[in-house]
Every structure is written in C-alpha cells, then in structure tokens.
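Bear in mind that the values here come from a model prediction, so they are computed numbers and not experimental data. If you read the sequence from its start, that first residue is 1, and numbering goes on from there.
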Amino acid sequence: MRWAEDYVFWLPSLRLLLVMTVFGTLSGCSTLYVMQAATGQWHVMRARKPIDKVLADPRTPETLHDTLTEVQAAREFASRELKLPDNRSYRTYADIHRPYVVWNVVAAPELSVHPKQWCFPIAGCVAYRGYFSEKRARKFAASLSKRGFDVTLDGVPAYSTLGKFSDPVLSTMIRYGPDELAAIIFHELAHQLLYVKNDTQFNEAFAVTVENAGLERWLTLNGHADRFQRYRKDSAREREYVDLFARTRAQLAQLYASGLPVAEMREKKAERFEKLATEIRDLEQRDGERSTLYEGWIKEGLNNARLASEANYYNCVPGFERLLAEQGNDLPRFYAAARELARLPIAKRHEQLCRSLAPTPAATDGKIP
C-alpha cells in the first residue's frame with residue numbers, strides 16, 4: 001500500500017546541538033539544517049493534544065472524531081497484539097495546518113543507482129534529507145540538480161523520532177483513511193522497535209513488513225472482509241510496480257558498470273526510463289486504473305533517485321517476508337530474528353535479505369554539505 005514515504009528523524013537535544021556547534025563538529029550550513037529540524041520538531045510537539053480531549057470537544061468534526069476513535073483502537077491493537085512499543089506515541093493529535101509534515105529530498109549521481117548518503121551525529125547515515133519547509137527542500141533539491149545529481153522531492157505525512165519523543169497522530173495522516181492510517185502507525189512504531197544506524201533499506205523494509213502483517217491482522221480481527229480483500233488486491237498490484245522498478249534499477253546498474261562512453265550511457269539511460277514510463281502505463285491500462293502518484297512521477301521525470309527511493313522501502317521486503325514465514329508468522333520471534341540480522345555487517349545482512357544488485361558502495365559524500 002503506497003501512501004507516501006516516511007522520514008525517520010532523530011532530534012538531538014538543544015544542549016547537544018549547542019555542544020556540537022561550539023566544538024565545530026557541524027559546519028555552518030549543517031547547523032542551520034539541524035536548527036530547522038529542531039524548530040520544526042518543536043512546533044509539532046507544541047501542537048499536540050490528547051486524543052481523548054479532541055474526542056470530547058464538541059467542536060471536533062464528526063469525520064475526525066470517527067477516525068481518531070478508530071486510531072485509538074488500532075493503537076491499542078499495535079501494542080497488545082503486534083507487540084509494538086507501548087508508550088505515549090500516537091496517543092495525541094496535532095493539527096499542523098499544512099499538507100505534509102516534512103519534505104524529503106533523495107539524490108543519486110547521474111550514472112549510479114546508489115543514493116547519496118547524509119550522515120549525522122548519533123542518527124548515523126540515511127539516504128534522504130528532510131525539511132519542515134517545502135521552500136527550503138526545493139531550494140536544496142535545486143542545488144543538488146545544479147551539481148548534476150538526479151533528484152526527487154516528496155511530501156511526507158509522518159515520521160518517527162524513534163521513541164525519543166511521544167510522536168502524535170498528525171493532521172497530514174488523516175486524509176489517507178482508517179486502513180492506511182493504521183498502517184502508518186504500525187510502520188512508525190516498528191521503527192521505534194528496531195532501527196539500525198546507516199542502513200535505510202533494512203530499516204524501511206522491516207517497517208513495511210510489520211506494517212503489512214499488522215494491517216492484515218487488524219482488518220481480519222475487525223471482520224472487515226471487504227476492506228481486507230481490497231487491501232490484498234492493492235498489495236498484489238503494488239508488488240508488480242515494485243518488481244518493475246527493481247528490474248529497471250538492476251538493468252541500469254549493469255549499464256552504469258558497463259564501461260561504455262558516457263554519452264552512450266546517457267542515451268541508453270534515457271531510453272530505459274522512457275520504457276519504464278510505458279511499462280507503468282501498460283500496467284495501469286491493464287488494471288483499468290490510473291495512479292496519480294505514478295503519473296506525477298512520470299511528469300516530473302523518472303530518474304535514478306526515484307528508483308533509489310523505491311529501493312529504500314522495498315528492496316529487502318521479500319527477504320523480511322521470508323523471515324517472518326520462517327518464524328511461523330509469529331511476530332515476537334520475527335522481531336528477535338531481525339535483531340540477530342541487525343548485528344551482522346551490512347553486506348552480510350543484505351546478502352540474506354535484499355535483492356541482488358551491483359555491489360553497494362560505502363556511504364559516499366558522508367559530510368553534511
């Protein structure tokens with residue numbers, strides 16, 4: 001179920017931020033970036049209200065009341081049945097009066113399918129950079145494009161502070177409907193349960209697997225046979241698009257490693273993305289459904305960064321699904337097995353979990369520009 005990308009965010013305390021600034025561990029530009037993140041996080045936290053109070057307020061619109069009532073039930077289910085963290089996250093609501101909470105920028109070199117990494121104290125390296133301001137995100141994306149990177153920019157409805165703060169249900173999440181909203185909560189709580197520094201693909205695929213397993217169990221428990229069948233149908237259709245992006249990424253990785261002249265690689269790259277756009281529309285025509293999401297991607301221009309962004313979420317999902325099945329679909333056993341894999345070197349765990357591709361380089365451009 002493709003609702004949007006999320007953003008894992010670890011906010012250093014203001015004291016730590018000041019220490020890093022004084023001792024020069026961050027550049028001036030990086031300090032501004034962390035400050036905007038700190039300010040954005042503060043505004044989100046300030047907007048929180050206990051869901052019980054929102055439900056008791058007679059001014060609360062009926063649709064929001066009904067949605068938050070279901071959210072409360074899904075949140076209890078997450079801890080009781082899915083064994084996800086039982087804390088104060090997603091027990092408050094924050095209306096932030098904008099369409100997305102953050103905007104994510106993903107970048108990849110012109111002739112590489114491997115995303116650029118940004119590394120931060122404590123949080124480690126991630127394959128995206130998020131902004132609480134769309135204007136700032138677009139400015140940063142434009143600067144990367146000028147430097148020759150393939151770039152994507154996406155609005156994000158939710159993110160996780162990995163349990164460092166009590167994350168609220170956001171107004172940006174509400175429009176996705178009760179099923180997707182439950183899935184988002186399961187996904188973000190999974191990040192609190194297990195997060196491995198410097199491995200975006202592992203973290204996101206683990207959370208996607210928990211999200212999918214959790215939503216299936218949630219809908220089954222509540223007897224929503226029609227919604228469950230729609231979910232299964234949507235998931236099967238989405239998997240076809242995921243596989244299409246993965247095949248394209250593997251073919252381009254082979255092209256970029258071929259040693260052909262740069263001009264020839266550029267030409268073949270353009271041809272492959274034109275073919276990808278055609279293949280997307282062929283799937284849409286077969287299913288009789290046009291996706292505004294994929295059409296938007298085609299209109300913006302498919303590129304290496306878009307493929308990298310998709311890979312961040314889905315490249316290791318089949319491996320995690322296999323691991324869940326090997327554990328008898330028992331979630332606590334699955335979590336324990338995932339933690340064991342998390343202790344392995346990154347190359348070893350990717351070998352066991354993820355689709356094969358050209359060797360993944362070490363985190364490049366690790367400095368925060």
Would Arg91 and Asp86 satisfy salt bridge (charged side-chain N to carboxylate O under 4.0 Å, His left out), going step by step from the backbone distance to the final call?
CA-CA 10 Å; Arg91 302 186 191 278; Asp86 187 3; 2.8 Å; yes

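- The line from CZ of Arg48 to CD1 of Ile96 is 13.5 Å long, rounded to the nearest 0.5 Å.
- You'll find the side chain of Tyr93 stays beyond 4.5 Å of the side chain of Pro50, heavy atoms only.
- The OG atom of Ser160 lies 7.5 Å from the CG atom of Leu189; values are rounded to the nearest 0.5 Å.
- Annotation: side chain of Leu153 is in contact with side chain of Arg138 (closest heavy-atom distance under 4.5 Å).
- Side chain of Thr220 to backbone of Glu216: a donor-acceptor contact under 3.5 angstrom is found.
- For Arg286, the CZ atom sits in a packed shell: over 12 heavy atoms of surrounding residues, nucleotides or ligands are nearer than 6.0 Å.
- Taking all atoms of both residues into account, the shortest heavy-atom contact from Ser145 to Val151 is OG-CG2, 3.5 Å.
- Considering all non-hydrogen atoms of both residues, Pro115 and Ala127 come closest at CG-CB, 3.8 Å.
- In this structure, Arg88 places its CZ atom where only 12 or fewer heavy-atom neighbours from other residues, nucleotides or ligands lie under 6.0 Å away.
- Residues Val44 and Phe165 fail the side-chain proximity criterion, which asks for heavy atoms closer than 4.5 Å.
- Judged purely by atom type and a 3.5 angstrom limit, Thr60 uses its side chain to pair as donor or acceptor with the backbone of Asp57.
- Under the 3.5 Å distance criterion, the side-chain polar atoms of Asn315 are left unmatched by any main-chain donor or acceptor of Cys354.
- Taking the six-membered ring for Trp and thresholds of 30 and 60 degrees, Phe202 and Phe206 have nearly parallel ring planes, at less than 30 degrees apart.
- Leu215 CG to Leu181 CG: the interatomic distance, rounded to the nearest 0.5 Å, is 10.5 Å.
- Judged by distance alone, the side chains of Asn312 and Thr200 never bring a donor and an acceptor atom under 3.5 Å apart.
- With rounding to the nearest 0.5 angstrom, the OH atom of Tyr90 is 7.5 Å from the CD1 atom of Ile185.
- Rounding to the nearest 0.5 Å gives a distance of 8.0 Å between CD1 of Ile280 and OG1 of Thr248.
- Note: the hydrophobic cluster containing Ile346 does not contain Leu353 (ILVMFWY, side chain heavy atoms under 4.5 Å, direct or indirect links).
- Taking the six-membered ring where tryptophan is involved, the planes of Trp218 and Phe77 are tilted, since the angle between them lies from 30° to 60°.
- Looking only at side-chain heavy atoms (C-beta outward), Arg217 and Asn329 come within less than 4.5 Å of each other.
- Here the side chains of Tyr335 and Leu84 are in contact, with some heavy-atom distance below 4.5 Å.
- The only member of Trp118, Tyr159, Tyr33 that meets ring pair (Phe, Tyr, Trp, His ring centres under 6.0 Å) when paired with Tyr131 is Tyr33.
- Ion pairing between Glu289 and Arg237 holds under the 4.0 Å rule for side-chain N and carboxylate O.
- The minimum heavy-atom distance between Thr92 and Pro168, with the atom names listed, is OG1-CB, 3.3 Å.
- Using cut-offs of 30° and 60° for the angle between ring planes, the Tyr294 and Phe245 rings count as tilted.
- For Tyr256, the side-chain hydrogen bond (donor to acceptor under 3.5 Å, both in side chains) partners at least two apart in sequence or on another chain are Asn304.
- Other residues, nucleotides and ligands contribute over 12 non-hydrogen atoms within 6.0 Å of the NZ atom of Lys269.
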Apply side-chain contact (heavy atoms from CB on, under 4.5 Å) to the pair Glu180 and Tyr231, showing each step before the final yes or no.
CA-CA 10 Å; Glu180 288 82 355; Tyr231 162 71; over 6 Å; no

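- Glu284 places a side-chain N or O within donor-acceptor distance of the main-chain N or O of Ser291, the cut-off being under 3.5 Å.
- When side chains are defined from C-beta on, Arg306 counts as touching Glu300, because their heavy atoms get closer than 4.5 Å.
- Under the 4.5 Å side-chain heavy-atom criterion for Ile, Leu, Val, Met, Phe, Trp and Tyr, Leu302 and Leu283 are members of the same hydrophobic cluster.
- Of the possible polar contacts, none joining the Arg339 side chain to the Ala342 backbone as a donor-acceptor pair under 3.5 Å is found.
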Passes side-chain contact (heavy atoms from CB on, under 4.5 Å), Val169 versus Ile174? Steps please.
CA-CA 8 Å; Val169 175; Ile174 295 297; 4.2 Å; yes

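- Using a 4.0 Å cut-off between charged nitrogen and carboxylate oxygen, Glu340 and Arg343 count as a salt-bridge pair.
- Both cation-pi conditions hold for Arg175 and Tyr100: the charged atom is under 6.0 angstrom from the six-membered ring centre and inside a 45 degree cone around its axis.
- The pair Asp282-Lys275 does not count as a salt bridge, with every side-chain nitrogen at least 4.0 angstrom from each carboxylate oxygen.
- A salt bridge is absent between Lys49 and Asp95: the closest approach of a Lys/Arg side-chain nitrogen to an acidic carboxylate oxygen does not fall below 4.0 angstrom.
- Residues Ser112 and Ala108 come closest through the heavy atom pair O-CB, 3.8 Å.
- For the pair Asn104 and Arg129, the minimum side-chain heavy-atom distance is 4.5 Å or more.
- Tyr314 pairs in a side-chain hydrogen bond (donor to acceptor under 3.5 Å, both in side chains) with only one of the listed residues (Arg239, Glu204, Glu238, Gln201), which is Glu238.
- A distance-only check finds no donor-acceptor pair linking the side chain of Asn222 to the backbone of His224 [under 3.5 Å].
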Check the pair Arg75 / Ser79 against side-chain contact (heavy atoms from CB on, under 4.5 Å), numbers first and verdict last.
CA-CA 7 Å; Arg75 179 63 184 86; Ser79 295; 2.7 Å; yes

Step by step, would you call Lys139 with Glu134 a salt bridge (charged side-chain N to carboxylate O under 4.0 Å, His left out)?
CA-CA 9 Å; Lys139 182 178 179 180; Glu134 182 180 7; over 6 Å; no

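- When all heavy atoms of Asn203 and His191 are compared, the pair lying nearest together is O-CE1, 3.5 Å.
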Do Asp330 and Phe334 pass the side-chain contact (heavy atoms from CB on, under 4.5 Å) test, and can you show the C-alpha distance, the side-chain angles, and the key distance before you say yes or no?
CA-CA 6 Å; Asp330 182 279; Phe334 168 69; over 6 Å; no

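- Here the side chains of Glu188 and Gln192 are not in contact, with every heavy-atom distance at 4.5 Å or above.
- Between Asn303 and Ala305, the closest heavy-atom pair is OD1-N, 3.0 Å.
- Separating the CZ atom in Phe132 from the OG1 atom in Thr39 is a distance of 9.5 Å, to the nearest 0.5 Å.
- A salt bridge links Glu295 and Arg290; the closest N-O separation between the charged side-chain nitrogens and carboxylate oxygens is under 4.0 Å.
- Taking a cutoff of 4.0 Å between a charged side-chain nitrogen and a carboxylate oxygen, Arg227 and Glu70 qualify as a salt bridge.
- For the pair Glu110 and Arg147, the salt-bridge criterion is not met [side-chain N within less than 4.0 Å of a carboxylate O].
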